[in-house]
Structures are given as structure tokens and as C-alpha cells.
*Asks:* 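Just passing along the structure, written as C-alpha cells.
Positions are given from 1, in the same order as the sequence printed here.
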Amino acid sequence: MGMAIALIVISIFSFISLHLNPLNYLFAIYYLFFGLILFMSFFKFEWIKVNFLFLQTDLGKGLFDLFLASMLLVDLDNAWNIVLGSIFGVVGIATVCFSTCCKPAGEDKQAEEIKAQAAENANKRDGNAPAP
């Protein structure tokens, strides 16, 4: 959760900085949006469960952290982006490794529950009858 807050803070500081590069402002908007999504995923908001269900799994959060690290490390002129991007990268790699390698065989109940919930949400949106 701390990394999500740090991402939101970096986006706010990017808005008030004196850079006149429009690309920096575009990235700041993305940082704010993704930081809010990551923050809300810790509190299991219904909107997150419906639209960003992958953030409810460890593997999904790890891959999302790697995506955010790649976004942050694009701007190598900003030291805070390098620091936060490196942290997101290390945490993302560790989360992906631990979620895939350190899980006991046959114990993937969380993924099965999320698949069932995703199918249910898709059926609700499409108006189809629930799958058996």
C-alpha cells in the first residue's frame, strides 16, 4: 500500500513541477490513475473486483508492479522515478517468483475462486445465464 501512496505522491509532484514537457504531465496522469487503482485493490472495492480482477491475486499484483516499474523507469531524468521504479521492479519480481514457485502443488483455491467470480461478472454484464 505504501508503494501505491508513493506513486500518487510522485504524480502530484509531477503536476506541480516546472517541466514544460507534455509527456511528463501525461505520465503523471497515468501514475495517479494506476496508483489509485493499486491503492483501492488493497481494500477490495467492488469496482476493482469487477474491472481489475487480476489485482486480487498475488501473480496479478506482481505483474502489475512490473508494468508500473517499466513505466517509471522510462523517465531516467527524475531520480524519484528511478528509485520508485526500482522498488516496484524488485517487489514485482519477488511477488511473481513467490506466487508461482513457492505455492504447494494443487493448492490454487484463490485462483479458482477468482475465475468463478470473473465468469459470474462476465455473465452479469452480458445478461447470460450463469455457467454451471
Side-chain angles (χ1 to χ4, degrees):
M1 183 165 36
M3 293 188 323
I5 293 170
L7 189 61
I8 293 168
V9 168
I10 280 184
S11 71
I12 292 170
F13 282 129
S14 294
F15 275 119
I16 60 176
S17 67
L18 297 175
H19 297 295
L20 296 178
N21 185 357
L23 191 59
N24 287 344
Y25 292 109
L26 180 64
F27 273 115
I29 292 169
Y30 280 122
Y31 297 155
L32 182 63
F33 179 69
F34 291 139
L36 290 171
I37 287 173
L38 190 60
F39 183 77
M40 288 190 302
S41 74
F42 286 101
F43 297 106
K44 301 185 188 306
F45 283 98
E46 188 64 30
W47 184 76
I48 296 294
K49 287 181 181 179
V50 171
N51 296 303
F52 300 99
L53 195 59
F54 65 93
L55 288 175
Q56 300 301 310
T57 65
D58 294 333
L59 180 63
K61 279 189 182 178
L63 292 173
F64 191 65
D65 285 346
L66 289 174
F67 168 71
L68 292 174
S70 67
M71 276 186 63
L72 286 162
L73 291 174
V74 167
D75 183 15
L76 295 177
D77 295 335
N78 188 344
W80 287 111
N81 282 10
I82 295 170
V83 169
L84 192 59
S86 300
I87 293 171
F88 267 106
V90 169
V91 170
I93 289 171
T95 305
V96 168
C97 289
F98 287 131
S99 69
T100 57
C101 300
C102 298
K103 191 177 289 185
E107 208 175 289
D108 204 6
K109 294 177 185 175
Q110 183 185 24
E112 293 301 322
E113 289 174 5
I114 289 174
K115 284 180 188 177
Q117 188 176 7
E120 183 181 318
N121 289 340
N123 287 333
K124 283 181 185 176
R125 272 190 258 156
D126 295 339
N128 298 334

*Asks:* Is the shortest side-chain heavy-atom distance between V90 and S86 below 4.5 Å?
*Replies:* no
*Asks:* Roughly how far, to the nearest 0.5 Å, is CG of L36 from CD1 of I5?
*Replies:* 10.5 Å
*Asks:* What distance do K49 atom NZ and K44 atom NZ have between them, rounded to the nearest 0.5 Å?
*Replies:* 7.0 Å
*Asks:* Rounded to the nearest 0.5 Å, how far does CG of N24 lie from OH of Y31?
*Replies:* 8.0 Å
*Asks:* Do L72 and W80 have side chains that approach each other closer than 4.5 Å (heavy atoms only, starting at C-beta)?
*Replies:* no
*Asks:* Would you say I10 ends up clustered with L66 if hydrophobic residues are merged whenever their side chains have heavy atoms under 4.5 Å apart, either directly or through other cluster members?
*Replies:* no
*Asks:* Is it true that I37 and M71 fall in one hydrophobic cluster, defined by side-chain heavy atoms closer than 4.5 Å?
*Replies:* yes
*Asks:* Less than 4.5 Å apart, side chain to side chain, heavy atoms only: is that true for F88 and L38?
*Replies:* yes
*Asks:* Would you kindly confirm whether V96 and V91 end up in one hydrophobic cluster when ILVMFWY residues are joined by side chain heavy atoms under 4.5 Å apart?
*Replies:* no
*Asks:* What is the ring orientation for F45 with F43, classed by angle as parallel under 30°, tilted 30 to 60°, or perpendicular over 60°?
*Replies:* perpendicular
*Asks:* Ring centroid separation for F64 and F52, is it under 6.0 angstrom?
*Replies:* no
*Asks:* For residues F27 and N81, determine if any side-chain heavy atom of one lies less than 4.5 Å from a side-chain heavy atom of the other.
*Replies:* no
*Asks:* Which atoms form the tightest heavy-atom contact between G89 and A69, and what is the distance?
*Replies:* N-CB, 3.4 Å
*Asks:* Kindly compute the distance separating CD (E46) from CG (N51), expressed to the nearest 0.5 Å.
*Replies:* 9.5 Å
*Asks:* Quick one: closest heavy-atom pair of Q56 and S41, and the distance?
*Replies:* NE2-O, 3.8 Å
*Asks:* What is the minimum heavy-atom distance between A28 and S11, and which atoms define it?
*Replies:* O-CB, 3.2 Å
*Asks:* Mind listing the closest non-hydrogen atom pair of F34 and L68 along with its distance?
*Replies:* CB-CD2, 3.6 Å
*Asks:* Quick check: do D65 and M3 have side-chain heavy atoms less than 4.5 Å from each other?
*Replies:* yes
*Asks:* How many angstroms lie between atom CG of L55 and atom CD1 of I48, to the nearest 0.5 angstrom?
*Replies:* 6.5 Å
*Asks:* Quick one: pull up CD1 in I93 and CG in L63 and give me the separation to the nearest 0.5 Å.
*Replies:* 11.0 Å
*Asks:* Mind checking whether F67 and L59 sit in one hydrophobic cluster, side chains of I, L, V, M, F, W, Y counted as touching below 4.5 Å?
*Replies:* no
*Asks:* Please check if atom CZ in F13 has more than 12 non-hydrogen atoms from other residues, nucleotides or ligands closer than 6.0 Å.
*Replies:* no
